[in-house]
Amino acid sequence: MAILEIARMGHPVLGRPAAPVADPTAPEIARLVADMVETMEHANGAGLAAPQVGVSLRVVVFQAPGARAAEGLSDAEHFDHTAPLTVLVNPVIDVLGDDREGGWEGCLSVPGLRGWVERPFHIRYSGFDLKGNRLTRTARGFHARVVQHECDHLDGILYPARMGDVSKLIFESEIHHWLEPKSSDEEAAQ
Ligand code: NI
């Protein structure tokens with residue numbers, strides 16, 4: 001495994017659609033994913049998409065740990081809000097309902113910044129794991145946000161392009177001016 005260099009905003013690989021993976025079980029995809037996971041964890045990110053490491057293929061890795069989820073949820077709701085470390089090859093997202101939610105996002109390809117992005121609150125996503133099995137889940141809140149953020153990378157979209165109010169593109173070092181005490185759980189870079 002290896003820690004890979006992360007492409008930064010402005011690199012052409014981040015601005016173009018990534019290609020579907022022909023065989024999710026191919027050994028080179030497993031190697032790519034192992035390196036992506038190591039790179040993501042080394043950078044303390046919540047997610048990473050293959051184009052961010054210079055590979056223009058439709059592969060993402062992400063996690064939505066319980067600590068990032070809202071408190072006071074039922075078990076069923078809690079599952080929607082959290083996800084273990086997950087690999088998705090050729091992911092597809094369906095938006096469920098009209099609810100939208102704003103949240104602060106960061107991105108390992110846009111280091112040092114945070115932006116307020118509104119996205120659909122509730123989604124269903126599916127894709128393939130490294131054994132070629134189809135995975136389908138529903139997701140809400142931070143879990144839904146991180147999946148949408150990562151899948152946007154596969155279409156050449158970085159979160160600033162999703163922002164409605166660019167005055168809420170700020171330096172990470174200033175985010176304490178914007179956060180309520182105790183709600184600083186949404187900021188891991190993706
Ligand atoms: Ni990102």
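First listed ligand is number 1; within each ligand, the first listed atom is number 1. Basis for what follows: all heavy atoms, side chains included, without hydrogens, waters or symmetry-related copies.
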With E105 as partner, the option from R114, H149, Q148 fulfilling side-chain hydrogen bond (donor to acceptor under 3.5 Å, both in side chains) is H149
Around E5, counting heavy atoms of other residues, nucleotides and ligands shown, do more than 12 lie under 6.0 Å from its CD? no
Can you get from L130 to L85 by hopping between Ile, Leu, Val, Met, Phe, Trp and Tyr side chains that sit under 4.5 Å apart? yes
Listing residue and atom name, which protein N/O/S atoms are closer to the Ni ion (ligand 1) than 2.8 Å? C107 SG, H149 NE2, H153 NE2, Q190 O
Could you check whether D99 pairs with R119 (Lys NZ or Arg NE/NH1/NH2 to Asp/Glu carboxylate O, under 4.0 Å)?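 So D99 does not pair with R119 through a salt bridge.
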Centroid-to-centroid, H143 to Y125, below 6.0 Å?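 Ring centroids of H143 and Y125 are less than 6.0 Å from each other.
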The side-chain hydrogen bond (donor to acceptor under 3.5 Å, both in side chains) partners of Y159 (sequence neighbours excluded) come to none
